[in-house]
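Each remark here refers to the structure printed beneath this line.
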Amino acid sequence: MKFIANDLVVYRTSGVCRIAEIKNCDFGGKQREYYILRPIHDEKSVIFVPVDSPLSDKMNRLLTKTEVDKIIDSSIPEKPFDWIENDRERTAKIKEVASSGDRKRITRMIKTLRLRRKALSACGKKLRVTDEAALTSAEKVLYDEFAYALGIERDEVTSYIEAKKAAAERSEERR
């Protein structure tokens, strides 16, 4: 997908970024065209992404409010992923889902990790550090995008999702 200057994109673990410009740069004696990204929550940071590199495939256009609502609505009744007991297999699966850019799968992964954390908490235990870090990272990127699309603050996204979930449950009870 080709982007232009001032487009908003989601890039890997950096969250929502604005393409400040697209220009030729010389790094290590090789001239290439780069997307120059500035994360919206950290305007001092600059990310250089070669236009002709697989890294540019990790840039996704920003979702609209309608698309965000559709993802949230469809994820409410959806079951979480089955828990993978093997740490290595689970970590590999989490990395694969997180890097997929598929917001629906990422939402499902977040749901899985949150439910696991809740179940462990009831037993006086905690998520493994790697699982907690993956959850935090996935929430940051996804909730940054959701917040931007919804016109709310990032810390309001969970409440927004919970309100939609409660409304769906009330609707289901009336049936």
Side-chain angles (χ1 to χ4, degrees), residues 1-75 78 81 84 87-114 128-161:
M1 179 179 284
K2 194 77 168 160
F3 298 101
I4 61 172
N6 289 317
D7 277 353
L8 290 171
V9 296
V10 177
Y11 182 65
R12 302 178 61 169
T13 59
S14 300
V16 178
C17 298
R18 181 173 308 282
I19 298 176
E21 60 183 315
I22 303 168
K23 69 177 188 176
N24 286 318
C25 298
D26 185 351
F27 293 114
K30 186 176 180 186
Q31 189 85 291
R32 286 174 94 171
E33 188 174 31
Y34 285 83
Y35 291 113
I36 314 300
L37 307 180
R38 293 204 178 265
I40 62 166
H41 291 296
D42 184 7
E43 284 289 323
K44 293 179 183 174
S45 292
V46 179
I47 303 165
F48 293 83
V49 181
V51 170
D52 62 350
S53 135
L55 289 175
S56 68
D57 294 339
K58 301 295 183 186
M59 291 172 38
N60 296 306
R61 68 171 183 74
L62 202 63
L63 295 172
T64 64
K65 180 184 185 319
T66 302
E67 291 169 323
V68 169
D69 281 335
K70 186 176 177 181
I71 288 170
I72 293 169
D73 291 342
S74 67
S75 71
E78 191 169 24
F81 290 119
I84 300 170
D87 291 342
R88 285 186 184 164
E89 289 175 20
R90 185 175 61 255
T91 299
K93 178 71 172 182
I94 288 170
K95 284 182 182 178
E96 183 268 319
V97 170
S99 67
S100 73
D102 183 334
R103 280 74 147 216
K104 187 168 176 159
R105 288 182 71 212
I106 294 168
T107 301
R108 192 171 172 203
M109 179 187 73
I110 289 170
K111 184 177 190 176
T112 302
L113 290 167
R114 282 178 161 234
R128 292 189 177 270
V129 172
T130 53
D131 295 330
E132 191 67 49
L135 175 59
T136 300
S137 177
E139 285 177 333
K140 178 204 172 293
V141 173
L142 191 70
Y143 289 8
D144 271 358
E145 180 175 17
F146 281 15
Y148 197 90
L150 296 168
I152 61 178
E153 296 296 320
R154 184 184 340 155
D155 61 358
E156 297 175 74
V157 172
T158 300
S159 297
Y160 183 88
I161 293 169

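In this text the structure is predicted, and so the values were computed from the model without any measurement.
Residues passing the side chain to side chain donor-acceptor pair (under 3.5 Å) test with Ser99: none are found, sequence neighbours excluded. The side chain to side chain donor-acceptor pair (under 3.5 Å) check on Arg38 picks up nothing, with sequence neighbours excluded. Among residues two or more places apart in sequence or in another chain, the side chain to side chain donor-acceptor pair (under 3.5 Å) test is passed with Asp42 by Ser45. Partners of Ser100 according to the side chain to side chain donor-acceptor pair (under 3.5 Å) rule, which considers only residues two or more places apart in sequence or in another chain, do not exist here.
For Arg61 and Phe3, the positive end is not near the middle of the six-membered ring at less than 6.0 Å and at most 45° from its axis.
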Val16 and His41: side chain to side chain contact (heavy atoms under 4.5 Å, CB included), yes or no, with the steps?
-> CA-CA 8 Å; Val16 178; His41 291 296; 5.8 Å; no
Check the pair Ser56 / Val49 against side chain to side chain contact (heavy atoms under 4.5 Å, CB included), numbers first and verdict last.
-> CA-CA 6 Å; Ser56 68; Val49 181; 4.1 Å; yes
Would Leu135 and Arg114 satisfy side chain to side chain contact (heavy atoms under 4.5 Å, CB included), going step by step from the backbone distance to the final call?
-> CA-CA 8 Å; Leu135 175 59; Arg114 282 178 161 234; 4.1 Å; yes
Walk me through it: do Leu142 and Ile110 pass the test side chain to side chain contact (heavy atoms under 4.5 Å, CB included)?
-> CA-CA 10 Å; Leu142 191 70; Ile110 289 170; 3.7 Å; yes
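Side-chain contact between Val51 and Arg32 is absent, with no heavy-atom pair separated by less than 4.5 Å. Counting heavy atoms from C-beta on, the side chains of Glu145 and Asn60 never come closer than 4.5 Å. Using a 4.5 Å heavy-atom threshold, the side chains of Tyr35 and Lys2 count as touching. Contact annotation: the side chain of Thr130 never approaches that of Asp87 to less than 4.5 Å [non-hydrogen atoms, C-beta and beyond]. Within the 4.5 Å cutoff, side-chain heavy atoms of Ile72 are placed close to those of Tyr160. Between Glu33 and Ile22, the closest side-chain pair of non-hydrogen atoms falls below 4.5 Å. Side-chain contact between Glu96 and Met109 is absent, with no heavy-atom pair separated by less than 4.5 Å. Side-chain contact check for Arg103 versus Val10: some heavy-atom pair is nearer than 4.5 Å.
Listed by first and then second residue, the ring-ring contact (aromatic ring centres under 6.0 Å, His included) pairs that reach into residues 6-28 are Phe27-Tyr34, Phe27-Phe48, sequence neighbours excluded.
In this structure, CD1 in Ile161 is found 7.0 Å from OG1 in Thr107, a value given to the nearest 0.5 Å. Separation of atoms CG (Leu37) and CD1 (Ile19) is listed at 6.0 Å; rounding is to 0.5 Å. Interatomic distance, Thr112 OG1 to Lys93 NZ, rounded to the nearest 0.5 Å: 9.5 Å. Note that CG of Asn24 is 5.0 Å distant from CD of Gln31, once rounded to the nearest 0.5 Å. Annotation: the span from Ile36 atom CD1 to Cys17 atom SG amounts to 12.0 Å, rounded to 0.5 Å. Rounding to the nearest 0.5 Å gives a distance of 10.0 Å between CZ of Arg18 and CG of Leu62.
Contact check on Lys70 versus Asp73 returns no salt bridge, with no Lys/Arg side-chain nitrogen under 4.0 Å from an Asp/Glu carboxylate oxygen.
Of all the heavy atoms in Arg12 and Leu55, the pair that sits closest is NH1-CD2, 2.9 Å. Ala98 and Ile106 get closest at one heavy-atom pair: O-CD1, 3.8 Å.
For the residue pair Lys104 and Ser74, a side-chain donor N or O sits within less than 3.5 Å of a side-chain acceptor on the partner.
By the neighbour-count criterion of 12 heavy atoms within 6.0 Å, atom CZ of Arg128 is sparsely surrounded, having that number or fewer from other residues, nucleotides or ligands.
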Scan the side chains in residues 149-157 for donor-acceptor partners under 3.5 Å anywhere in the protein, sequence neighbours excluded, and list what turns up.
{"residue": "Arg154", "atom": "NE", "partner": "Asp144", "partner atom": "OD1", "Å": "2.5"}
{"residue": "Arg154", "atom": "NH2", "partner": "Asp144", "partner atom": "OD1", "Å": "3.2"}
{"residue": "Glu156", "atom": "OE2", "partner": "Glu153", "partner atom": "N", "Å": "3.0"}

